[in-house]
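Input: a single structure, listed below in structure tokens.
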Amino acid sequence: MIRSLTLFVHVVGVLTLFVGLGLEWASLDGLQRSITREQALTWLRLGVMVPRVSGIAVAAIVVSGFYLGARVGVLGNDWMRASYGALLLMAIVGGPVSRSPMRALKRVADVPSDGTAALRAAAANPILRLSLRIRVAFGLAIVFLMIAKPAAVESLLVLALASMVTIATSLTGRTAPSTAVQGCR
């Protein structure tokens, strides 16, 4: 019964993490498409709650994952080591790397006279979008590693593929949301 409950917590943690990533994506897109300051602030409030949701999700994933891994005896397996590295990368780009642009976005929101254009510009910071893409790609890679349980070389290939997908989606240069709003002026 304890194993089933722990596995349930682990799966719910993963689902919650992806819900948080989806909310962050929606928040950034909503900010960039906002016409009024009120709309932008609504999207920003959504984005501000994401770290709490993601933090709870990651805690549930890590604690339950270590318990399950120890119980089954896979903590030292190659796919687990690759997953640890991917989790660490996700934590770095979700925390220290994107913290400064997110704080800048919040500072802009605190100045009522700056208007919607300043909020849209701050939300368009490429670091925020890149951070999000990296976390989504590596989150999906970790899910694959948990299912397939590959050896070291294959695990590294999965992470390399996640990196290539992130790079490819970042090179498209899609700025449609902010360009579309600016084009209406």
Side-chain angles (χ1 to χ4, degrees), residues 1-31 41-107 109 122-123 125 127-150 152 154-156 158-163 165-166 169-170:
M1 179 69 174
I2 291 176
R3 182 189 174 283
S4 296
L5 184 60
T6 306
L7 182 58
F8 175 76
V9 168
H10 194 68
V11 170
V12 169
V14 171
L15 293 171
T16 305
L17 178 65
F18 281 101
V19 165
L21 291 169
L23 289 174
E24 184 177 345
W25 202 298
S27 173
L28 288 175
D29 279 350
L31 272 162
L41 292 177
T42 299
W43 287 111
L44 181 60
R45 280 191 292 276
L46 177 67
V48 167
M49 74 175 209
V50 168
R52 286 184 219 119
V53 171
S54 297
I56 292 168
V58 168
I61 292 166
V62 169
V63 170
S64 62
F66 272 114
Y67 172 81
L68 292 167
R71 183 162 177 178
V72 178
V74 296
L75 288 179
N77 287 8
D78 295 332
W79 60 273
M80 285 293 292
R81 290 182 181 162
S83 296
Y84 302 149
L87 277 172
L88 181 61
L89 178 68
M90 288 174 70
I92 290 169
V93 299
V97 170
S98 61
R99 186 174 296 132
S100 180
M102 197 56 164
R103 283 184 180 159
L105 177 58
K106 290 175 189 174
R107 277 193 301 273
N125 186 317
I127 299 275
L128 292 174
R129 189 64 68 169
L130 180 62
S131 166
L132 185 56
R133 286 180 178 141
I134 289 170
R135 288 179 284 138
V136 168
F138 277 85
L140 290 172
I142 292 170
V143 169
F144 179 80
L145 292 174
M146 296 294 146
I147 294 168
K149 299 172 180 39
E154 292 87 0
S155 295
L156 292 175
V158 167
L159 297 181
L161 179 62
S163 298
V165 166
T166 301
T169 59
S170 298

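None of the values given here were measured: they were computed from a predicted structure.
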* Quick one: does Trp79's side chain get under 4.5 Å of Val158's, heavy atoms only? ->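 The answer is no; the side chains never approach within 4.5 Å.
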Compare all side-chain heavy atoms of Leu130 with those of Thr166 and state whether any distance is below 4.5 angstrom.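 They are in contact (side-chain heavy atoms under 4.5 Å apart), so the answer is yes.
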Apply the test side chain to side chain contact (heavy atoms under 4.5 Å, CB included) to residues Asn125 and Leu105: give CA-CA distance (whole Å), side-chain angles for both, the deciding distance (0.1 Å), then the verdict.
CA-CA 9 Å; Asn125 186 317; Leu105 177 58; over 6 Å; no
What side-chain donor-acceptor pairs closer than 3.5 Å can you find for residues 53-64, not counting sequence neighbours?
from, atom 1, to, atom 2, distance (Å)
Ser54, OG, Val50, O, 3.2
Ser64, OG, His10, ND1, 2.9
Ser64, OG, Ala60, O, 2.5
Ser64, OG, Ile61, O, 3.4

Q. In Å and rounded to the nearest 0.5 Å, what is the CG to CG distance from Leu41 to Leu31?
A.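 CG of Leu31 is found 8.5 Å from CG of Leu41.
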* Asked: To the nearest 0.5 Å, how far apart are CD1 in Ile127 and CG in Leu132?
  ->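 So the CD1 of Ile127 and the CG of Leu132 are separated by 13.0 Å.
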Got a list of side-chain donor-acceptor pairs under 3.5 Å for residues 87-101, not counting sequence neighbours?
from, atom 1, to, atom 2, distance (Å)
Ser98, OG, Val93, O, 3.1
Ser98, OG, Gly94, O, 3.0

query = Has the side chain of Ser27 got a donor or acceptor atom that lies under 3.5 Å from a matching backbone atom of Leu23?
reply =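 Pair absent, no side-chain N/O of Ser27 close to backbone of Leu23.
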query = Is it true that a side-chain atom of Arg81 and a backbone atom of Gly76 form a donor plus acceptor pair closer than 3.5 Å?
reply =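 Yes.
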> How would you list, by chain and number, every residue that makes a side-chain contact (heavy atoms from CB on, under 4.5 Å) with Lys106, sequence neighbours excluded?
Replying inline: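 For Lys106 the side-chain contact (heavy atoms from CB on, under 4.5 Å) partners, ignoring immediate neighbours, are Val48, Met102.
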Quiz: residues 135-146 side-chain donor-acceptor pairs under 3.5 angstrom, not counting sequence neighbours:
from, atom 1, to, atom 2, distance (Å)
Arg135, NE, Ser131, O, 3.1
Arg135, NE, Ser131, OG, 3.1
Arg135, NH1, Glu24, OE1, 2.9
Arg135, NH2, Glu24, OE1, 3.1
Arg135, NH2, Glu24, OE2, 2.6
Arg135, NH2, Ser131, OG, 3.1

For Leu7 and Arg3, what are the C-alpha separation, side-chain angles and deciding distance, and is it a side chain to side chain contact (heavy atoms under 4.5 Å, CB included)?
-> CA-CA 6 Å; Leu7 182 58; Arg3 182 189 174 283; 4.1 Å; yes
* Asked: Looking at residues at least two apart in the chain, or sitting in another chain, which of them share a side chain to side chain donor-acceptor pair (under 3.5 Å) with Tyr84?
  ->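 Listed in chain order: nothing, the list is empty.
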**Request:** Report the residues that fulfil side chain to side chain donor-acceptor pair (under 3.5 Å) with Arg103, sequence neighbours left out, ordered by chain and then residue number.
**Result:**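 Side chain to side chain donor-acceptor pair (under 3.5 Å) check on Arg103 returns nothing, list empty.
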### Message
Are more than 12 heavy atoms, taken from residues, nucleotides or ligands other than Ile2, located less than 6.0 Å from that residue's CD1 atom?
### Response
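Count not over threshold, so no.
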Kindly give the heavy-atom pair with the smallest separation between Asp78 and Ala152, and that separation in Å.
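Heavy-atom minimum between the residues: OD2-N, 3.2 Å.
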